[in-house]
Amino acid sequence: MKFAVLIISVLWIIFIVYFVGFKLQLHDLIRQLKYRINAPIKKPLALEMQDNDLMTLTAMLNQIFRQDEEFRRIQNIHEYEYKELITNISHDLRTPLTVLKGYLQLLEHCEIDDTGKKYLSICFRHTDELERRIRQFFEYSYWMNQEQKPQLKILNITNLIVDTMTDFIPMFEEKGLTMRLEQDIIYKGLANEELLCRVMQNLLKNCLQYSTGEVVVSITQITNEPIYFPQNKTHKDNICICVQNPIAEDSKLDSSKIFQRFYVEKKEHNQSTGLGLSIVKLLVEKMQGEVFAICDKNLLRIGFYLRTNL
């Protein structure tokens with residue numbers, strides 16, 4: 001009887017030791033998995049206790065990790081090749097377009113009748129639009145290939161935006177459009193001067209192309225939950241820059257898709273917004289900010305949030 005009790009006690013001790021070891025090994029595996037999430041070098045999982053099930057599980061996890069790393073490596077190669085392709089295409093397109101515009105300008109000085117002048121005017125308009133698209137294409141590919149993070153610092157946001165708006169006054173007057181800054185108050189935020197200027201230039205260019213009336217630029221300090229974002233996002237104390245302009249009453253613009261590359265408003269007329277707003281989103285995110293777009297009846301508001309501290 002005593003021998004049987006002894007055997008059972010020994011078995012219980014062995015079971016407890018095994019169970020405790022099993023739990024410790026599971027905790028160690030969890031620790032290794034948590035470390036892998038942010039670790040710069042992904043090491044394979046290792047086991048100390050030789051348990052068949054745990055060894056099988058660990059081997060399968062390591063195999064999944066290896067496959068995932070290989071997939072990401074191939075994906076990065078393809079992404080790099082794609083970016084290089086975009087850059088090369090944009091370069092290749094600019095040369096023949098420059099030659100084409102040169103010959104059109106020469107043709108403009110030749111003796112042609114009114115019909116020929118009309119056709120020539122159409123050619124100029126389309127080549128100008130093509131040049132704009134290619135320029136956006138080149139700019140987008142350039143910023144996509146910039147892997148180095150931009151240097152951010154606290155800047156006078158108001159002054160930079162006013163300077164950019166001032167540069168656009170002649171172009172707005174030529175189009176018969178007006179624009180104004182809603183409040184002339186100094187606001188400071190975290191940004192990169194070159195990127196912020198590019199963002200504002202693209203937003204104002206978008207207004208030049210699609211606005212049907214006065215363009216209003218506003219800069220505000222967010223103290224409560226902003227109206228432009230869902231209520232589950234917090235942007236308290238951020239700087240909000242918004243560009244508002246009226247659009248055609250029959251516009252079918254989808255503000256949820258406006259930052260997509262080559263978003264088309266009306267497919268039957270191929271009215272694409274180009275890459276201007278995609279560049280805006282790309283550059284704002286490089287400055288650790290967020291973009292928004294809302295369409296309220298015939299008013300379009302496009303803007304972005306910038307942080308106010310490092």
Side-chain angles (χ1 to χ4, degrees), residues 81-110 112 114-146 163-179 194-212 215 243 245 247-248 251 253 257-284 286 291 293 300 302:
E81 291 174 347
Y82 171 72
K83 291 177 180 178
E84 285 291 306
L85 177 64
I86 289 178
T87 303
N88 292 335
I89 289 175
S90 60
H91 274 294
D92 292 342
L93 289 174
R94 294 174 82 180
T95 302
L97 180 61
T98 302
V99 174
L100 177 61
K101 287 197 70 174
Y103 275 102
L104 287 175
Q105 289 168 356
L106 290 174
L107 186 60
E108 191 177 22
H109 293 87
C110 297
I112 52 177
D114 292 339
T115 303
K117 290 179 180 179
K118 178 183 176 181
Y119 292 156
L120 188 61
S121 175
I122 294 172
C123 289
F124 270 117
R125 188 172 71 251
H126 283 284
T127 51
D128 287 343
E129 175 62 17
L130 181 58
E131 186 177 37
R132 183 184 72 84
R133 299 278 182 99
I134 292 174
R135 188 166 55 247
Q136 287 183 343
F137 196 42
F138 178 76
E139 184 180 6
Y140 186 78
S141 64
Y142 171 79
W143 290 115
M144 280 285 289
N145 283 321
Q146 291 297 308
D163 289 344
T164 306
M165 291 175 65
T166 303
D167 293 338
F168 273 76
I169 288 176
M171 287 176 274
F172 270 74
E173 290 179 345
E174 185 180 346
K175 285 266 191 175
L177 297 172
T178 59
M179 65 173 167
E194 181 185 2
L195 299 194
L196 181 57
C197 288
R198 292 277 188 175
V199 167
M200 287 306 301
Q201 287 168 2
N202 281 333
L203 288 177
L204 293 176
K205 285 176 183 176
N206 187 71
C207 292
L208 279 172
Q209 189 170 4
Y210 297 105
S211 179
T212 59
V215 175
V243 179
N245 65 274
I247 54 177
S251 174
L253 197 66
K257 298 178 180 178
I258 205 168
F259 294 107
Q260 294 179 4
R261 288 178 292 183
F262 303 113
Y263 163 65
V264 177
E265 178 188 348
K266 296 179 181 178
K267 291 184 179 179
E268 63 271 20
H269 300 301
N270 194 29
Q271 293 185 358
S272 169
T273 60
L275 282 168
L277 296 180
S278 296
I279 295 170
V280 166
K281 183 175 186 295
L282 178 65
L283 299 187
V284 168
K286 282 181 178 290
V291 296
L300 175 63
I302 303 176

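Everything quoted here is computed from the prediction, not taken from an experiment.
Using a 4.5 Å heavy-atom threshold, the side chains of Lys281 and Leu277 count as separate. Counting heavy atoms from C-beta on, the side chains of Phe172 and Thr178 never come closer than 4.5 Å. Side-chain contact between Tyr210 and Leu300: absent, with no pair of heavy atoms (C-beta onward) separated by less than 4.5 Å. The shortest distance between side-chain heavy atoms of Ile279 and Arg198 does not fall below 4.5 Å. Here the side chains of Asn245 and Met179 are not in contact, with every heavy-atom distance at 4.5 Å or above.
Interatomic distance, CG of Asp128 versus SG of Cys123, reported as 11.0 Å (0.5 Å rounding). We find the CG-CG distance between Leu196 and Asp163 to be 10.5 Å, quoted to the nearest 0.5 Å.
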Apply the test side-chain contact (heavy atoms from CB on, under 4.5 Å) to residues Asp114 and Lys118: give CA-CA distance (whole Å), side-chain angles for both, the deciding distance (0.1 Å), then the verdict.
CA-CA 6 Å; Asp114 292 339; Lys118 178 183 176 181; over 6 Å; no
Would Tyr119 and Ile112 count as a side-chain contact (heavy atoms from CB on, under 4.5 Å) here? Give the steps.
CA-CA 10 Å; Tyr119 292 156; Ile112 52 177; over 6 Å; no
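Nearest heavy-atom pair, Thr164 versus Gln201, reported as atom, atom and distance to 0.1 Å: CG2-CG, 3.9 Å. Nearest heavy atom pair, residue Leu177 against residue Cys207, reads CD1-O, 4.1 Å.
A search for side-chain contact (heavy atoms from CB on, under 4.5 Å) contacts involving Thr127 returns Leu97, Leu100, Lys101, Leu104, Phe124, not counting sequence neighbours.
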